[in-house]
Undergrad: 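Right, I'll just put the structure down here and ask away after.
The figures here come from the full heavy-atom set of this structure, side chains too, leaving out hydrogens, waters and symmetry mates. What you see is a predicted model, and the numbers here were worked out from it, not measured in a lab.
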Amino acid sequence: MNKRARNRLIAISVVSVVVIVAAAVFWFIPNASLSLTVDDLYDSPEYIGETVQLAGTVVAGSWDRQSSPMTFKVFDDDTDSTAEINIVFNGLPPSNFGDGTEAIITGRVELGNTIVSNQMVTVCPSRYETSVDTLAVSDLFDRYSDMDMTGIPVRVSARVVEGSITAPGSSIRLTVHDVADPSIEMPVMYTKGIPDSITGGTPIVLTGHMTESGAFDAADIANISD
């Protein structure tokens with residue numbers, strides 16, 4: 001056997017060993033975490049001390065961005081169960097975190113239906129609505145100056161001001177402007193997660209009402225579909 005053939009054989013052997021070792025690691029080393037639902041984990045002491053991955057929906061009003069570490073609750077939105085899991089999160093929440101956001105949390109299970117975590121991925125699906133029968137920001141301001149619009153439910157079409165989206169928990173979550181006249185701006189309060197599809201310049205529909213402070217309290221935000 002010449003030297004070139006011998007070197008080729010050695011190289012093939014080394015590659016084969018690497019593949020076999022990688023396969024063994026893949027098949028025989030257990031996963032670092034268990035994937036569980038809220039119902040799986042709720043009142044299940046056998047998981048205490050385990051590292052798990054939990055999927056759930058953020059309970060509205062259960063979180064405070066200013067607390068350190070941040071705490072919140074999640075539930076299973078796909079069932080009628082009332083079970084909730086407490087999350088103690090050490091870190092900054094993703095930008096689309098908020099009420100109703102789908103969260104995937106990885107962490108250690110503690111007593112009291114609690115997970116202590118520093119890893120979280122959130123999903124906030126985009127929603128689409130037509131702008132038919134909506135008010136422009138300028139129309140809303142005109143009506144607001146003529147009459148008390150505080151607390152009256154309305155739908156408003158607008159565009160997101162570039163660079164105005166703030167972190168979850170901010171008192172003003174974003175600012176919008178009139179579609180026809182960008183100089184007319186309106187601050188928006190919002191506690192839910194903002195989908196990644198909504199950025200500066202995105203046309204949106206806001207559902208909510210004006211507050212006494214002059215900010216718009218949005219119950220829902222959707223992309224414009226037309």
Undergrad: What heavy-atom pair brings Val59 and Glu84 nearest, and what distance separates the two atoms?
TA: CG2-OE2, 3.8 Å

Undergrad: Can you name the one residue among Thr166, Leu206, Ile194, Thr199 that meets side-chain contact (heavy atoms from CB on, under 4.5 Å) with Leu174?
TA: Ile194

Undergrad: Quick check: closest heavy atoms across Val38 and Gly56, and the distance to 0.1 Å?
TA: CG2-CA, 4.3 Å

Undergrad: Would you say Phe75 and Leu36 are hydrophobically clustered, going by side-chain heavy atoms of ILVMFWY under 4.5 Å?
TA: no

Undergrad: Within a radius of less than 6.0 Å around CD of Glu212, do more than 12 heavy atoms belonging to other residues, nucleotides or ligands occur?
TA: no

Undergrad: Answer yes or no: is there a donor N or O on one side and an acceptor on the other, between the side chain of Ser225 and the main chain of Glu129, under 3.5 Å?
TA: yes

Undergrad: Please determine, by modelled atom types, if Ser81 and Asp76 share a side-chain donor-acceptor pair under 3.5 angstrom.
TA: no

Undergrad: Assigning hydrophobic clusters by single linkage (Ile, Leu, Val, Met, Phe, Trp, Tyr; side-chain heavy-atom cutoff under 4.5 Å), is Ile152 placed with Phe216?
TA: yes

Undergrad: Rounded to the nearest 0.5 Å, how far does OG of Ser35 lie from CG of Leu54?
TA: 9.5 Å

Undergrad: What distance do Ile87 atom CD1 and Ile105 atom CD1 have between them, rounded to the nearest 0.5 Å?
TA: 4.0 Å

Undergrad: Ignoring hydrogens and geometry, is there a side-chain-to-backbone donor-acceptor pair from Thr101 to Asn96 under 3.5 Å?
TA: yes

Undergrad: Counting distance only, does the side-chain N/O of Arg159 pair as donor-acceptor with the main-chain N or O of Gly201 below 3.5 Å?
TA: yes

Undergrad: Same cluster for Val188 and Val205 if Ile/Leu/Val/Met/Phe/Trp/Tyr side chains link at under 4.5 Å?
TA: no

Undergrad: With no hydrogens and no angle check, just 3.5 Å: does a side-chain donor-acceptor pair link Asp148 and Thr150?
TA: yes

Undergrad: Does a sphere of radius 6.0 Å around CZ in Arg143 hold more than 12 heavy atoms from other residues, nucleotides or ligands, not counting ones at 6.0 Å or beyond?
TA: no

Undergrad: Could you tell me whether the side chain of Asp178 and the main chain of Ser138 form a donor-acceptor pair under 3.5 Å?
TA: yes

Undergrad: Please check if Leu111 and Ile115 belong to a single hydrophobic cluster, counting links between Ile, Leu, Val, Met, Phe, Trp and Tyr side chain heavy atoms closer than 4.5 Å.
TA: yes

Undergrad: Nearest 0.5 angstrom please: Ile224 CD1 to Ile198 CD1, how far?
TA: 10.0 Å

Undergrad: To the nearest 0.5 Å, what is the distance between OG1 (Thr106) and CD (Gln53)?
TA: 4.5 Å

Undergrad: What residue among Thr191, Thr71, Asp99 forms side chain to side chain donor-acceptor pair (under 3.5 Å) with Trp63?
TA: Asp99

Undergrad: Just to verify, which of Asn113, Thr114, Thr57, Asn86 counts as forming a side chain to side chain donor-acceptor pair (under 3.5 Å) with Lys73?
TA: Asn86

Undergrad: Output yes when a side-chain donor or acceptor of Ser44 lies under 3.5 Å from a complementary backbone atom of Tyr42, and no otherwise.
TA: yes

Undergrad: Between Asn223 and Tyr128, is there a donor-acceptor pair closer than 3.5 Å when you use the side chain of the first and the backbone of the second?
TA: no

Undergrad: Looking at Gln119, is its backbone amide N or carbonyl O close enough to the side chain of Ser117 to form a donor-acceptor pair, meaning the two atoms are under 3.5 Å apart?
TA: yes

Undergrad: Between Val154 and Met189, is there a shared hydrophobic cluster once you connect ILVMFWY residues whose side-chain heavy atoms come closer than 4.5 Å?
TA: no

Undergrad: Flag the pair Glu102 / Val74 as yes when at least one side-chain heavy-atom distance between them is below 4.5 Å, and no otherwise.
TA: no

Undergrad: Any chance you could measure Met70, atom CE, to Asp64, atom CG, to the nearest 0.5 Å?
TA: 9.0 Å

Undergrad: Test your reading of the model: is there a side-chain donor-acceptor pair from Arg108 to the backbone of Thr51, 3.5 Å cut-off?
TA: no

Undergrad: Closest approach of Met210 and Met149, non-hydrogen atoms and distance?
TA: CB-O, 4.2 Å

Undergrad: So, Thr175 and Ser164: side-chain donor and acceptor under 3.5 Å apart, yes or no?
TA: no

Undergrad: Considering all heavy atoms of both residues, which atom of Ser126 and which atom of Pro195 are nearest to each other, and what is their separation?
TA: OG-CB, 3.8 Å

Undergrad: When rounded to the nearest 0.5 angstrom, what is the spacing between CG in Leu140 and CE in Met186?
TA: 5.5 Å

Undergrad: Does one side chain, of Ser131 or Ser157, offer a donor that lies under 3.5 Å from an acceptor on the other?
TA: no

Undergrad: Provide the closest heavy-atom pair for Tyr47 versus Leu41 in the form atom of the first, atom of the second, distance.
TA: CB-CD1, 3.7 Å

